[in-house]
Amino acid sequence: MPELPEVETVRRGLLAHLRGRRIRSVRVLHERAVRRHLGGADDFQRVLAGRVVADVRRRGKYLWWALDDGDAVLAHLGMSGQFRVGAPPPAVIDTETGTDADTMHPHLRIRFVFDDGGPDLDFLDQRTFGGMIFAPGGAELPAAIAHIARDPLDPMFDPSTAIATLRRKHTGIKRALLDQTVVSGVGNIYADEALWRARLHFERPTDRLTRAQAAGALTAAIEVMTDALAAGGTSFDSLYVNVNGESGYFDRSLNAYGRENQPCPRCGAPIRRSAFMNRSSYWCPRCQRPPRA
DNA sequence: AGGCTGTCCTGCTAGC
DNA sequence: TGCTAGCAGGACAGCC
């Protein structure tokens with residue numbers, strides 16, 4: 001699942017592939033991939049033709065292509081979005097639509113073709129939670145994500161602000177870590193890993209955390225995401241890969257997430273899984289004591 | 001106003 | 001064997 005380390009890995013790959021290239025044409029194959037672009041697929045295709053990519057930037061889990069005219073193309077990978085360089089792999093025969101579906105990847109949503117005749121860029125997305133929009137004037141920061149907090153890899157990130165915001169909230173620590181307006185880039189996997197490292201239960205109330213505890217949770221989140229980035233991100237299945245289709249290997253370094261009933265690497269107690277926000281939280285019952293009710 | 005829940009979506013897997 | 005239910009979950013609309 002793409003969280004900050006995965007999105008940053010993709011950003012680096014995209015930058016190397018896209019910088020200085022002029023878009024010749026765009027083909028949207030699935031309307032849902034541009035559902036947040038107000039003009040729809042036709043407008044998205046039209047408005048991007050002829051544009052030149054100057055840079056690829058990121059805040060939290062969002063990334064955008066800064067165009068050389070000050071506009072931008074904003075993207076979110078959602079659960080399963082991928083940018084892939086070059087012609088995608090398997091042949092799938094689609095007898096419903098006929099056409100050239102038999103030569104295209106079944107999850108291909110948008111294809112970008114460039115003036116230089118070099119490799120295409122494909123946006124693939126199995127679960128279609130991801131998407132792209134055109135962001136006029138958004139090269140520095142698209143207006144659509146102005147509410148997203150700076151992430152820990154941002155040079156302007158201010159830990160003391162994030163700690164204060166966290167402690168002002170009236171909710172559980174994990175909800176707060178997942179709130180992209182507090183600190184961005186953290187998703188379910190790294191929230192669980194950060195809380196395991198910080199020895200805090202996911203339901204600990206934020207308004208009763210000491211400053212040191214809040215700082216500990218935040219520091220742990222920064223460390224685990226930095227470690228994961230160095231490993232190229234976390235891949236459980238084929239849903240997250242870099243622009244060349246390669247997996248990250250941080251899943252081998254996970255201590256809590258996805259390890260129900262396996263021993264805690266620190267104390268040996270079996271890791272537990274609890275329902276949380278229509279998903280799961282993994283935690284060590286000995287290292288991360290639940291708060292009193 | 002801020003916290004929280006429901007919803008979107010596909011494909012894999014566990015269980016009967 | 002074949003079906004279904006459950007699960008994975010980021011972000012936001014809309015509710016309270």
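Each chain gets a letter, A, B and so on, in the order its sequence line appears, and its residues count up from 1.
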Checklist entry - How close do A/Ala75 and A/Met132 get, heavy atom to heavy atom, and via which atoms? => result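 Between these two residues, the closest heavy atoms are CB-CG, 3.9 Å.
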Item to check | Smallest separation among heavy atoms of A/Gln180 and A/Gly185, with atom names | outcome: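 Looking at all heavy atoms of both residues, the closest pair is OE1-N, 2.9 Å.
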Using atom [atom1] of [X] as one end and atom [atom2] of [N] as the other, report the distance to the nearest whole Å.
X        : N      : atom1 : atom2 : value
A/Met79  : B/dG11 : CE    : P     : 13 Å
A/Asp179 : B/dA1  : CG    : P     : 17 Å
A/Arg35  : C/dA11 : CZ    : P     : 11 Å
A/Asp192 : C/dG10 : CG    : P     : 10 Å
A/Asp125 : C/dA8  : CG    : P     : 19 Å
A/Asp251 : C/dA8  : CG    : P     : 17 Å
A/Asn188 : C/dC7  : CG    : C1'   : 12 Å
A/Tyr240 : B/dG11 : OH    : P     : 22 Å

Checklist entry - Is the A/Phe44-A/Phe134 ring centre distance short of 6.0 angstrom? => result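 A/Phe44 vs A/Phe134: aromatic centres not under 6.0 Å.
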Checklist entry - When the aromatic ring centroids of A/Phe112 and A/Trp65 are compared, is their separation below 6.0 Å? => result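 Yes.
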Checklist entry - Starting at the 5' end of DNA chain B, which residue's closest nucleotide do you reach first, A/Gly172 or A/Thr128? => result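 Closest to the 5' end, via its nearest nucleotide, is A/Gly172.
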Item to check | N-O pairing of A/Asp115 and A/Arg21 below 4.0 Å | outcome: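 So A/Asp115 does not pair with A/Arg21 through a salt bridge.
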Item to check | Complementary nucleotide for C/dT1 - Watson-Crick or wobble, under 3.5 Å | outcome: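 Partner of C/dT1: none found under 3.5 Å.
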Contact under 4.0 Å: [X] side-chain N or O vs [N] OP1/OP2:
X        : N      : value
A/His76  : C/dA11 : yes
A/Gln180 : C/dG10 : no
A/Arg175 : C/dG10 : no
A/Lys169 : B/dG2  : no
A/Tyr190 : C/dG10 : no
A/Arg168 : B/dG3  : no
A/His147 : C/dC12 : yes
A/His107 : B/dG11 : yes
A/Ser280 : C/dA8  : yes

From the options [options], select the nucleotide whose nearest atom is closest to the side chain of [X].
X        : options               : value
A/Lys61  : B/dC4, B/dC9, C/dG10  : C/dG10
A/Arg127 : C/dA8, C/dG10, C/dA11 : C/dA8
A/Thr171 : C/dA11, C/dA8, B/dC4  : B/dC4
A/Arg273 : C/dA8, B/dG11, C/dG10 : C/dA8

Item to check | Candidates A/Val183, A/Ile173, A/Leu218 - the one meeting side-chain contact (heavy atoms from CB on, under 4.5 Å) with A/Leu166 | outcome: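 Result for side-chain contact (heavy atoms from CB on, under 4.5 Å) with A/Leu166: A/Ile173.
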Which part of the nucleic acid does [X] contact within heavy-atom distance under 4.0 Å: base, sugar-phosphate only, or nothing?
X        : value
A/Tyr62  : sugar-phosphate
A/Asn278 : base
A/Arg32  : sugar-phosphate

Checklist entry - Can you find a donor-acceptor pair, distance only, under 3.5 Å between A/Arg279 side chain and C/dG10 base? => result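 Answer is yes: a donor-acceptor pair is held.
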Checklist entry - Between A/Gln82 and A/Leu124, is there a donor-acceptor pair closer than 3.5 Å when you use the side chain of the first and the backbone of the second? => result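 Not a single qualifying donor-acceptor pair exists.
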